[in-house]
Amino acid sequence: MITKENILASAKKTILSESEAIAKLTEFLDENFIEATQNIYNSKGRLVVTGIGKSAIIAQKMVATFNSTGTPSLFLHASEAIHGDLGMIQNDDSIICISKSGNSPEIKVLVPLLKRFGNTLIAITGNMTSFLAKGSDFVLNTTVDAEACPNNLAPTNSTTAQLVMGDAIAVCLMEMRDFKPEDFAVYHPGGALGKKLLLRVKDMLEHTLKPMVTPDTPIKKVIFEISEKRLGVTAVVDENKVVGIITDGDIRRMLNERDSFTDLTAKDIMTKNPKLIPSSAMVADALNILEDFSITQLVVVDNGEYKGVLHLHDILKEGIV
C-alpha cells in the first residue's frame, strides 16, 4: 500500500544510501588520485572525458564543471569514438574514461584504441579488476556496495559516486591553480551568476536618470524632481558635492509633521551623510550594503563628483538576487 509515510521513507532511504556511498569514496583515495590529478594539471593538452550510457551523462557534467573552472575539456561519447570521433583527441590530451563495470563492449573496443595513441588514460570505475582498470594508467575506485534502486539495477549510487569523484578532481585542480572568483566570472559572463560576478555600478547608471537639487531648492520643486526621475529619491548637491539625500519617506514624514511646507527647502529635511558608493564597485557589493543598512538607494560618487543613484529595484530587475 502506497502511503505518504512510505514515500518519505523511500526518499530518505535513497538519500542515506547515496550519502553513505559517497562517504566511502574517501577510503579509496590513494596515490592513483594524486598522480591522476597532477597529470591533468601538468598536461599541455586538454582533458577528454568519455563514457557510455549513464556514465556518458556523468561525463558531460564533468566536462561542464572542468571547463567552467579552468580545465579545458571535451566530451567524447564512447560509442561515437569508434566511429570517427577519435579524431578529436590530440597527442597531449589526458583522457578520463568512466564505466561502472569497466567491461562493456564499447569500452573494450575503445581502451586499446586510446592506448594506441599514447595518451594518459585515467579510469573511473567500480570494478578494479575490469578490462578498463587493467588497461588504464591510473584507476580511481568508485565501487559501491549496492545501488539505491530497490532492484539494485538502476544506476543511482554508482553514478553519484562517479560525479563526486569528478568534482573532487575539479576542486583539487581549482586549488592547484589558485582559481579565484574573478577567474570564475570569465567563464560565466551570462545569467544571474555572470551579472553577480561581473556587473559594476557604472553599468547600471547608463540608462538611469540623475535626480538632483540644491540645498536651497523649495520643497515643492524637490517633490517634482523625485516624481519626475521616478527613483524615490534625489541627491542634494552643493557645489558639485553631495551633502544629503531626500527620499519619499522623508517627504511623507514631513507631511505628517507639518501643515505647511512653503517655507522649507531641501536642506531642512534632507538626510545628511548618505551612503555612498563608487561607480567602479561591484553591484553585488552594493546589494550587500543595501541589505546591511536596510535601505533601497545608494548615491554613486566618483572622486567627490555625483554620478547618479543606484536603486534596489534596478538590481532586482537584473536578476542578480
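When a residue number appears, it is its place in the shown sequence, counting from 1.
Taking all atoms of both residues into account, the shortest heavy-atom contact from Val144 to Ala161 is CG1-CB, 4.1 Å. Shown here for Gly126 and Thr142, the closest heavy-atom pair between the two residues is N-OG1, 3.7 Å.
Between Lys24 and Asp145 there is a salt bridge, since at least one side-chain N of the basic residue sits less than 4.0 Å from a carboxylate O of the acidic one.
For the atom pair CG of Leu163 and CD1 of Ile58, the computed distance is 5.0 Å after rounding to the nearest 0.5 Å. Between the CD1 atom in Ile277 and the NZ atom in Lys307 there is a gap of 15.0 Å [rounded to 0.5 Å]. Rounding to the nearest 0.5 Å places NZ of Lys115 at 8.5 Å from CD1 of Ile95. Rounding to the nearest 0.5 Å places CG of Asn127 at 8.5 Å from OG of Ser99. Atom CD of Glu35 is separated from atom OG1 of Thr120 by 11.0 Å, given to the nearest 0.5 angstrom. One distance of note links CG of Leu110 with CG of Leu121; it measures 8.0 Å at 0.5 Å rounding.
Gln162 and Ser55 are linked by a side-chain donor-acceptor pair at a separation below 3.5 angstrom, with hydrogens and angles left out of the test. Judged by distance alone, the side chains of Lys61 and Thr65 do bring a donor and an acceptor atom under 3.5 Å apart. Donor-acceptor pairing under 3.5 Å is recorded for the side chains of Ser94 and Asn39. With no hydrogens or angles considered, a side-chain donor-acceptor pair links Thr214 and Thr217 at under 3.5 Å. At a cut-off of 3.5 Å, with distance as the only test, no side-chain donor of Thr265 or Asp216 sits close to an acceptor on the other residue. With 3.5 Å as the limit, one finds no donor-acceptor pair spanning the side chains of Glu225 and Thr234. With hydrogens and angles left out, the side-chain atoms of Ser17 and Asn157 include a donor and acceptor closer than 3.5 Å.
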Ser79 and Glu106: CA distance, side-chain angles, deciding distance, side-chain hydrogen bond (donor to acceptor under 3.5 Å, both in side chains) verdict | CA-CA 6 Å; Ser79 64; Glu106 295 85 356; over 6 Å; no

Given side-chain hydrogen bond (donor to acceptor under 3.5 Å, both in side chains), test Arg177 with Thr69 step by step and report yes or no.
-> CA-CA 10 Å; Arg177 292 192 173 96; Thr69 54; over 6 Å; no

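Screening Asn141, Thr160, Val164 for a side-chain contact (heavy atoms from CB on, under 4.5 Å) with Leu25, the sole residue that qualifies is Val164.
Of the possible polar contacts, none joining the Thr296 side chain to the Leu312 backbone as a donor-acceptor pair under 3.5 Å is found. At distances below 3.5 Å, not a single donor-acceptor pair connects side-chain atoms of Ser158 with backbone N or O atoms of Pro155. In this structure, the side chain of Asp30 engages the main chain of Asn32 through a donor-acceptor pair within 3.5 Å.
At least one cation-pi condition fails for Lys241 and Tyr306: the charged atom is not both under 6.0 angstrom from the six-membered ring centre and inside a 45 degree cone around its axis.
The side-chain hydrogen bond (donor to acceptor under 3.5 Å, both in side chains) check on Asn103 picks up nothing, with sequence neighbours excluded.
Residues Val236 and Ile219 fall within the same hydrophobic cluster, defined by Ile, Leu, Val, Met, Phe, Trp and Tyr side chains chained together at heavy-atom separations under 4.5 Å.
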